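Worksheet: the structure to be examined is printed underneath.
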Amino acid sequence: MGFLKAMLAFSSLQRGEGAQRADEGASPDIPSRPSPSSGSSSHLLPAGEKGKCAAAFRTYAAALAILAGFLSSTVLAADRALVIGIGTYENLPEDMFLHGPKNDVKAISGLLTDKLGFKSNGIRLLTDQQATKAAILSSIREWLIEGTKPGDRVFLYFSGHGLQVKDESGDEEDGMDEAISTYDLKAGDEDWTNVILDDELEPLIAEMKGRAVTVVIDACHSGTISRSLSPQAVSGLKGARYLPRPFAAVKKPATRGLRIDLGVVDKPQALAEAGVTVWSAAAPYQVAWDDVRLPIEERHGVFTEAFVDGYRPETSDGNANGLISNAELLDYVTRESKVYCEAQEACDGIDPQLETTPEALGTAVVKPEPVVETPKQEKPESAYEEVKTDAAVAPVYVAADPLSNVGDILGRGDTGDVSVSLHPGPDLKSGEAFTISVTSRHDGQLVLLDVDGKGMATQIFPNTLARKITPLTAGQPLTIPDAYYGFDFEAEGEGENMLVAVVVEDDVDLTPVAPKENGLSEPVKAREALSDIVARLRKVWTGDTENRGTLWYAGTLKYRID
């Protein structure tokens, strides 16, 4: 019997319709329902009909079980978020408590429902005493892994202390494992116990393959500030989201900041396959902070506050095209973190980190609002298109206009640090000769691209025709082509184009992404070429005493050929 038929059969028997419909009158063979005082239920139906009812009931119950299983699997297979915030700890002195996490989880939950389209029943919160090691690991397993299927979104957020312990597996170059704290962590003789290691998170994240996984960590690990566990040791660093190793002697600053080994740094192919995006509050050797500028009960993590606020276009949409890209959000949280750091004597620097594939930099962090065309508009001012990238398990959104997408990939608006000009001017006639001039406020290497309206880019500089590839000198313009080239550039085609100049102050090797052999050769896809360049510049600069973000600047110029 089919499920629907079983439902109908049981319903009809419930209404006493075994042999006929109730509205056709009672059959003389079927006694009427006894009164409550009759005391016997054996006369409700004759024997034959009782058997039919029992059989139908069993079929109905079985159908309900099947339906329940189907509905259960349907409910489980959905977008899921696990939001963890730990400010108080079972075995830590109050001086090491954090005030921000309780507000962070509220802010992230609001972001998930209001901006990212998660349903409230798809978000699990673990705060303070709820966030034991067992509870966190079981929630990752049951809520995120078993509760989702390929194609779903998974969002894992942690706000609290980060820490390091001695590496026992031998897979860490510095001899230390990164870890996140739990409510019930304990101090051993030299190391923390009952914490969650990056080695434990790796295989769990790997099991989420096929999902769109986002991990956001507002914590840090920093060996440069390791010292004995005591209130006096941290008295000058209120709000720092790190735990020094308990009672461990400091020999040298050999450790680094947060780097969950998800294949993000040294296994990019694994990241692309898993679709994992990782945001973290600080670079290696840096500290994440509670915002101590705020009253205690209103505090947030500096990173989390900026991260949530950055989903508003008025704060982070650097090129004002209505789309907030990953690169723009990263640039915003970086700027806000630096503002905080500059006002705090104990803060040496904060450079939030985004680990993802290059092609994701220019994609939207949230689906843009649709552009509504009016009869007076020949074309919307801003338009977006759905694209599929290798790393994304679901379509993502980019600006449909390739020139608009340039700003989304760069992640920052023009600041005046790099200026680009054309001679005789930005309005050219087809066949007209022209030269390009680039001036920078900073010394540095130059990469210059010419992007057309079809999304193709030509690398203008560096190239093999220049007499010498030398860095720019601050304040001194570089003209291309100069007299040494022996030819002029000539405008061809028609429509809008954009010159994109990137100046890199640090000695970053750009050969893999912009070799001079590519100069003045066949055009390539602009989004891919520029994304590869910017992704390389987003890496942490380790060439100085202290780690920091790479110093680079960009300038653009739109021009038109008629």
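All of these numbers come straight from a predicted model, not from anything done at the bench. One-based numbering along the sequence shown.
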Determine whether a donor-acceptor pair (N or O, by modelled atom type, separation under 3.5 Å) exists between the side chain of [X] and the backbone of [Y].
X: Asp152; Y: Ala78; answer: yes
X: Ser316; Y: Gly310; answer: yes
X: Arg211; Y: Lys209; answer: yes
X: Thr193; Y: Gly188; answer: no
X: Thr113; Y: Gly110; answer: yes
X: Ser531; Y: Glu359; answer: no

Give me the atom names and distance for the closest heavy-atom approach of [X] to [Y].
X: Ala281; Y: Ala288; value: CB-CB, 3.7 Å
X: Asp408; Y: Ala327; value: O-CB, 3.3 Å
X: Thr550; Y: Leu537; value: CB-O, 3.3 Å
X: Asp290; Y: His99; value: OD2-N, 3.0 Å

- request: Mind jotting down which residue pairs meet the salt bridge (charged side-chain N to carboxylate O under 4.0 Å, His left out) criterion with at least one end in residues 112-126? Sequence neighbours excluded, please.
  value: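 Checked against salt bridge (charged side-chain N to carboxylate O under 4.0 Å, His left out) - neighbours excluded - the pairs reaching residues 112-126 are Arg124-Glu142.
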- prompt: Does anything in residues 502-519 pair up under salt bridge (charged side-chain N to carboxylate O under 4.0 Å, His left out), and if so which pairs, sequence neighbours excluded?
  reply: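 Found Asp506-Arg548.
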task: Output, in order, the C-alpha distance, side-chain angles, deciding distance and verdict of side-chain contact (heavy atoms from CB on, under 4.5 Å) for Leu144 and Leu156.
output: CA-CA 8 Å; Leu144 297 184; Leu156 174 60; 4.2 Å; yes
task: Apply side-chain contact (heavy atoms from CB on, under 4.5 Å) to the pair Val503 and Gln445, showing each step before the final yes or no.
output: CA-CA 5 Å; Val503 176; Gln445 307 172 69; over 6 Å; no
- request: May I have the step-by-step check of side-chain contact (heavy atoms from CB on, under 4.5 Å) for Thr304 and Asn103, ending in yes or no?
  value: CA-CA 10 Å; Thr304 296; Asn103 294 321; over 6 Å; no
- prompt: For atom NZ of Lys367, is the number of surrounding heavy atoms from other residues, nucleotides or ligands below 6.0 Å larger than 12?
  reply: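 Result for NZ/Lys367: open.
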- request: Inspect the surroundings of CD in Glu314 and state if more than 12 heavy atoms from other residues, nucleotides or ligands are less than 6.0 Å away.
  value: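 Enclosed.
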Partner residues of [X] under the ring pair (Phe, Tyr, Trp, His ring centres under 6.0 Å) criterion, sequence neighbours left out:
X: Tyr553; value: His442
X: Tyr397; value: none
X: Phe307; value: Trp279, Phe303, Tyr311

task: Check the pair Thr458 / Leu449 against side-chain contact (heavy atoms from CB on, under 4.5 Å), numbers first and verdict last.
output: CA-CA 6 Å; Thr458 300; Leu449 302 179; over 6 Å; no
Donor-acceptor pair between [X] and [Y] side chains, under 3.5 angstrom:
X: Thr182; Y: Tyr89; answer: no
X: Thr127; Y: Gln130; answer: yes
X: Asp309; Y: Thr315; answer: no
X: Asp184; Y: Asn91; answer: no
X: Thr363; Y: Asn326; answer: yes

Taking the side chain as C-beta and beyond, is there a heavy-atom pair between [X] and [Y] under 4.5 Å?
X: Leu448; Y: Gln459; result: no
X: Ile350; Y: Trp289; result: yes
X: Val154; Y: Thr214; result: no
X: Asp199; Y: Leu201; result: no
X: Pro101; Y: Ile86; result: no
X: Asp317; Y: Glu328; result: yes
X: Leu116; Y: Phe155; result: yes
X: Val500; Y: Val447; result: no

- request: Mind checking salt bridge (charged side-chain N to carboxylate O under 4.0 Å, His left out) for Glu90 and listing every partner two or more places apart, or none if nothing turns up?
  value: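 So Glu90 forms no salt bridge (charged side-chain N to carboxylate O under 4.0 Å, His left out) with any residue.
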Strictly below 4.0 Å, N to O, side chains only: are [X] and [Y] in salt-bridge contact?
X: Glu146; Y: Arg80; result: no
X: Glu305; Y: Arg299; result: no
X: Asp331; Y: Arg335; result: yes
X: Asp128; Y: Lys102; result: no

task: Rounded to the nearest 0.5 Å, what's the gap from CD1 on Ile136 to CD1 on Ile84? Could you check?
output: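 CD1 of Ile84 is found 4.5 Å from CD1 of Ile136.
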